[in-house]
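The block underneath contains the structure these notes are about, expressed in structure tokens.
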Amino acid sequence: MLSSLSALSARRRGATRLAAATLVSGLVAAGAIASAGTAVADVTPQSLGGATATIGDLKTYGSAVIHDHGEDAWVSAGLFEMSVDNGGMLQTYCIDIHNPTQRDAKYQETPWSGTSLNGNKDAGKIRWILQNSYPQVNDLAALAEKAGAAGLTEKDAAAGTQVAIWRYSDGADVDAVDPRAEKLADYLQKSARNLAEPKASLALDPAAVSGHAGEKLGPVTVHTNADSVTVTPPSDATAGGVKIVDKDGKAITSAVNGSRLYFDVPKDTADGAASLTVQASTTVPVGRAFTSDTRSQTQILAGSSESTVSASATANWAEKGAIPALSAEKNCAKSGVDITAANEGDEAFTFELMGIEHTIEAGTSQTVTIPLQEDQAYDFTINGPNGFSKRFKGVLDCKTQASTSDISTQTVSEPSPATAGGTSTGGTDLAETGGSSTTPIIAGIAIALVVIGGAAVLFVRKKQARVQD
């Protein structure tokens with residue numbers, strides 16, 4: 001990976017983000033975010049569950065050179081380490097060669113559909129490379145024999161594996177500097193076969209449900225590779241009599257893959273909302289993607305210790321009227337964010353989205369895609385009846401960046417990622433800064449996006465107030 005990322009497209013990314021910032025200023029109203037009554041919007045990142053981790057430095061790496069329009073850029077290539085929240089370590093390669101890594105950036109396990117791997121016909125070959133090279137294969141002598149690279153070291157193996165991945169993830173013209181690493185990269189590239197995307201380490205489906213008080217709301221299905229998961233309802237919901245139960249109404253505190261969970265809401269419970277969290281300790285499947293909302297380069301998993309993974313789901317209930325359940329997911333195929341609204345109430349739920357009115361009839365659901373620019377921050381607040389309010393924040397990062405002919409040849413030194421948020425670590429060596437002279441500009445735009453409220457603010461409201469009895 002590149003903590004040292006090249007300047008091949010840094011200027012182009014800067015121009016793209018400037019354009020995005022201009023678009024944002026035209027979309028965002030001065031009022032920023034609205035809320036219904038005194039309700040506070042739940043901030044819901046586009047996380048579908050799994051591992052959350054903080055990226056560290058490159059730990060095992062060699063050197064590579066990127067060729068573009070007759071010019072070369074030297075970079076570091078190898079394995080990053082990530083520290084998993086609440087315990088565990090991950091090893092990752094990067095799949096976004098032209099984007100810098102931000103120091104201490106937070107990453108979330110993400111489906112391929114929410115990354116640049118979406119629509120990449122060679123994505124499955126990257127998983128094959130991961131499963132058939134270092135560190136999954138730690139017998140370097142055997143790996144060297146297959147690749148014809150006698151004397152292969154861990155640094156060579158890491159560099160060669162990363163180079164082979166970049167050729168498929170970014171379509172990059174890149175070579176490993178060490179001949180042994182280059183032989184390994186060539187062997188992996190030629191031998192790779194498409195494999196299916198690995199399943200999530202832990203996820204809940206759907207992420208939001210709704211219904212009437214006095215009913216079991218759900219089901220919410222557990223998907224995991226762990227032997228079991230711990231089920232934890234929020235303390236406020238427990239105090240109010242809301243329980244997490246199975247289909248027979250029995251309260252549960254643990255579940256397994258395929259378990260169906262329900263929110264049991266007593267009939268006299270006041271209109272409101274609650275959430276449940278499931279947590280487990282497991283190894284994250286090789287080939288799972290990891291993305292960050294700080295525009296830090298996308299990573300792909302090469303190895304996992306026993307790690308803590310988690311997922312959450314919410315429930316919204318009311319006695320009558322429209323009862324929305326809202327969730328969101330990045331959709332790179334459509335260059336946007338999918339907002340899914342389900343309505344288990346007895347009245348239609350009507351709202352406006354980007355100037356278009358949508359109506360979800362009682363007992364139905366609808367998914368609306370919010371189109372965004374690449375690298376565009378967004379901040380959507382959706383309001384509903386009875387003080388319901390849900391907020392979604394994130395950054396759309398779906399593409400690897402095409403290279404340009406503006407390349408600065410650099411000397412590789414020990415890499416150190418830029419600080420999360422875009423602050424460079426200083427110096428002019430590309431391998432040290434993790435970017436180029438445009439990094440401060442990108443950081444400034446990121447701050448501006450926060451100040452004006454993100455890429456766009458979505459006000460969703462009931463078209464007509466429900467008549468009170």
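Throughout, numbering of the chain's residues begins at 1 and tracks the sequence.
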query = Would you call Met82 and Ile55 a side-chain contact if the rule is heavy atoms closer than 4.5 Å?
reply = yes
Do Trp112 and Asn118 have side chains that get closer than 4.5 Å, going by heavy atoms? no
Residue set satisfying side-chain contact (heavy atoms from CB on, under 4.5 Å) with Val65, at least two apart, ordered chain then number -> His67, Asp72, Trp74, Asp175
**Item:** Note, Asp397 side chain near Asp375 side chain (heavy atom, < 4.5 Å)
**Value:** yes
Residues passing the side chain to side chain donor-acceptor pair (under 3.5 Å) test with Thr115, sequence neighbours excluded, are none
Rounded to the nearest 0.5 angstrom, the CG-CG distance for Asp264 and Asp246 is 10.0 Å
Has Asn331 got a side-chain atom pairing as donor or acceptor with Val337's backbone, closer than 3.5 angstrom? no
Is any side-chain heavy atom of Met89 closer than 4.5 Å to a side-chain heavy atom of Ser83?
yes
CG of Asp85 to OG of Ser310, rounded to nearest 0.5 Å, is 8.0 Å
What do the steps show when you test Glu329 against Ser113 for side-chain contact (heavy atoms from CB on, under 4.5 Å), and what is the final call?
-> CA-CA 9 Å; Glu329 182 177 359; Ser113 61; 3.9 Å; yes
Lys330 with Asp293: basic N within carboxylate O range, under 4.0 Å: yes
*asked:* Do Ser201 and Glu109 have side chains that approach each other closer than 4.5 Å (heavy atoms only, starting at C-beta)?
replied: yes
Check: With a 3.5 Å cut-off and no angle check, do the side chains of Lys399 and Ser116 form a donor-acceptor pair?
Finding: no
A quick test of your reading: do over 12 heavy atoms of other residues, nucleotides or ligands sit less than 6.0 Å from CD of Gln366?
yes
For Arg127 and Ala196 the tightest heavy-atom approach is NH1-O, 2.6 Å
>> Walk me through whether Phe290 and Thr110 qualify under side-chain contact (heavy atoms from CB on, under 4.5 Å).
In response: CA-CA 5 Å; Phe290 280 78; Thr110 305; 5.9 Å; no
One should read off an interatomic distance between Asp122 CG and Ser169 OG, to the nearest 0.5 angstrom, of 10.0 Å
### Query
Counting N and O atoms only, with roles assigned by atom type, does the side chain of Arg260 sit under 3.5 Å from a partner on the main chain of Lys247, one being a donor and the other an acceptor?
no
Would you say Thr308 and Thr52 make side-chain contact, with heavy atoms under 4.5 Å? no
Closest non-hydrogen atoms of Ala181 and Leu152, given as atom of the first, atom of the second and distance, are N-CD1, 4.5 Å
All heavy atoms of Tyr378 vs all of Val395, minimum pair found to be CE2-N, 3.5 Å
When Asn132, Asn138, Leu184 are each screened for side-chain contact (heavy atoms from CB on, under 4.5 Å) with Leu143, the one that passes is Leu184
dist Gln299:CD -> Tyr107:OH (nearest 0.5 Å) comes out at 4.5 Å
OG1 (Thr400) and CG (Leu117) are apart, to the nearest 0.5 Å, by 9.5 Å
d(Asn316 CG, Phe263 CZ) to nearest 0.5 Å is 10.5 Å
Correct closest heavy-atom pair for Thr161 and Ile129 would be CG2-CG2, 3.9 Å
_When you compare the side chain of Val209 with that of Tyr262, does any pair of heavy atoms fall below 4.5 Å?_
no
Going through the checks in order, is the salt bridge (charged side-chain N to carboxylate O under 4.0 Å, His left out) test met by Arg391 and Asp379? CA-CA 7 Å; Arg391 182 180 175 189; Asp379 192 339; 2.9 Å; yes
Residue pairs passing the side chain to side chain donor-acceptor pair (under 3.5 Å) test with at least one member in residues 218-228, sequence neighbours excluded, are Asn225-Thr282
* To do: Verify, without hydrogens or angle tests, whether Ser307 (side chain) and Gly88 (backbone) share a donor-acceptor contact under 3.5 angstrom.
  => no
Leu261 and Ala255 have their tightest heavy-atom pair at CD2-CB, 4.1 Å
**Request:** Using the side chain to side chain donor-acceptor pair (under 3.5 Å) rule, take Thr60 and Lys155 through it: C-alpha gap first, then chi angles, then the decisive distance, then the call.
**Result:** CA-CA 5 Å; Thr60 308; Lys155 290 183 177 181; over 6 Å; no
Tightest non-hydrogen contact, residues Val84 and Leu90, listed as CG2-CG, 3.5 Å
- Got Leu301 and Leu130 here, is their nearest side-chain heavy-atom distance under 4.5 Å? no
Salt bridge or not between Asp156 and Lys183? Use side-chain N to carboxylate O under 4.0 Å. no
Applying side-chain contact (heavy atoms from CB on, under 4.5 Å) to Ser191 and not counting sequence neighbours gives Trp128, Tyr187
Assess the residue pair Trp166 and Cys94 against the criterion (side-chain contact (heavy atoms from CB on, under 4.5 Å)); give the C-alpha distance rounded to whole Å, side-chain angles, the decisive distance to 0.1 Å, and a yes or no. CA-CA 8 Å; Trp166 279 331; Cys94 99; 3.1 Å; yes
Practice problem: Give the intermediate values and the outcome of side-chain contact (heavy atoms from CB on, under 4.5 Å) for residues Glu306 and Thr283. | Solution: CA-CA 5 Å; Glu306 193 80 3; Thr283 56; 3.9 Å; yes
Residues at least two apart in sequence or cross-chain that pass side-chain contact (heavy atoms from CB on, under 4.5 Å) with Pro135, listed by chain then number, are Leu79, Gln91, Tyr93, Ala302
Side chain to side chain donor-acceptor pair (under 3.5 Å) filter on Asp186, not counting sequence neighbours, yields Arg167
query = Can you find a side-chain donor-acceptor pair between Ser292 and Thr294 that sits under 3.5 Å?
reply = yes
Would you find a donor on one side and an acceptor on the other, under 3.5 Å apart, between the side chain of Asn194 and the backbone of Gly124?
-> yes
#### Entry: Verdict with supporting geometry, Thr367 and Thr340, side chain to side chain donor-acceptor pair (under 3.5 Å)
CA-CA 4 Å; Thr367 298; Thr340 298; 2.9 Å; yes
**Item:** Exercise: do Thr230 and Gln279 side chains pair donor with acceptor under 3.5 Å
**Value:** no
